Amino acid sequence: MRIATWNVNSITARLPRLLAWLESSGTDVLCVQETKCTAEQFPAAELRELGYESAVHADGRWNGVALISRVGLDAVVKGLPGGPEYDGVQEPRAVSALCGPVRLWSVYVPNGREVGHPHYAYKLQWLDALRTAVAEDAAGSLPFAVLGDYNIAPADDDVWDRAVFEGSTHVTEPERAALAGLRETGLVDVVPRPLKYDHPYTYWDYRQLAFPKNRGMRIDLVYGNQPFAAAVKDGYVDREERKGKGASDHAPVVVDLEV
DNA sequence: ATGACATTCCAGGAATGA
């Protein structure tokens with residue numbers, strides 16, 4: 001069973017690439033972030049033609065998450081239970097479902113903008129709510145994983161130049177402590193292998209030739225519980241999908257399971 | 001360097017991203 005997570009940066013803009021990639025990669029379940037569409041605009045019909053069902057949690061131009069599966073999509077949960085509000089609304093940043101033998105979450109963790117910004121406090125609150133929401137399944141005996149754009153580089157080695165990120169979000173101690181808190185529930189960081197160079201970066205800025213210079217970050221993560229991690233046979237970052245015109249600024253992270 | 005680049009909504013420019 002092949003599962004993957006990919007921040008597509010607009011599923012509408014990425015649709016031709018998404019459909020082609022689903023077929024060429026043979027992905028069974030894809031966790032999507034930043035759909036940037038309403039639920040009505042989501043391309044469920046095009047995906048159904050390829051044999052995939054969709055669970056969508058989206059409300060407009062920002063955020064939006066989905067699960068796309070051809071191996072079942074049951075017991076769908078939309079939204080983060082107990083999640084905080086930003087500017088009075090619960091943004092669509094989490095969706096969960098049972099996909100065949102494994103329960104998966106697709107999450108889009110708030111960016112945080114700047115250290116000290118209200119969005120940064122919101123990011124930490126959101127991660128705390130995520131920990132509470134997944135704790136029971138994380139400690140359970142069924143395979144379970146939380147995949148998505150965490151907007152945090154777990155270690156200094158996960159950014160191309162630590163000095164460049166000094167004092168900015170994505171690398172601060174409180175953000176990394178929130179990730180450690182998630183791991184304390186029983187989740188482990190399933191680190192993919194890079195297909196080129198020596199760091200499994202998953203994001204490269206569109207500007208200043210960041211991708212060809214491999215100035216990237218590893219911020220798209222697969223956090224699985226012990227039964228999930230034990231079933232992992234392989235994992236890699238599909239950097240080929242970051243190439244060329246019309247690419248997202250994130251590459252898919254692919255994980256193969258033997259379940 | 002109030003940037004770069006891409007996307008959305010909406011009609012030139014703001015908002016967001018990391």
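Here is how names work: the chains are called A, B, and so on, in the same order as the sequence lines, proteins then strands, and each is numbered from 1. Predicted model, so just to flag it, every value in this text is computed and none were measured.
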Roughly how many Å apart are [M] and [N], using the [atom1] atom of each and rounding to a whole number?
N	M	atom1	result
dA4(B)	dA14(B)	P	12 Å
dC10(B)	dA15(B)	C1'	13 Å
dA1(B)	dG12(B)	C1'	22 Å

Return the value, rounded to whole Å, for the distance between atom CG of L209(A) and atom P of dA6(B).
->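 Nearest whole value for this atom pair: 11 Å.
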
Across the strands shown, which category fits R14(A) at heavy-atom distances under 4.0 angstrom: base, sugar-phosphate, nothing?
->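 Answer is sugar-phosphate: R14(A) comes under 4.0 Å of backbone atoms only.
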
Cationic N near anionic O, under 4.0 Å, [X] to [Y]:
X	Y	value
K243(A)	E240(A)	yes
E53(A)	R48(A)	no
K233(A)	D256(A)	no
R218(A)	D157(A)	no

Determine the sole option in V190(A), V188(A), L187(A) for which the side chain to side chain contact (heavy atoms under 4.5 Å, CB included) test with Y223(A) is passed.
->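 The side chain to side chain contact (heavy atoms under 4.5 Å, CB included) with Y223(A) is passed solely by L187(A) among V190(A), V188(A), L187(A).
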
The contact string for nucleotides 8-18 of chain B, one letter per nucleotide 5' to 3', using protein heavy atoms under 4.0 Å with B, S and - for base, sugar-phosphate only and none, comes out as BB----BBSSB

How would you list, by chain and number, every residue that makes a salt bridge (Lys or Arg N to Asp or Glu O under 4.0 Å) with E184(A), sequence neighbours excluded?
->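 With neighbours one apart ignored, the set is R131(A).
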
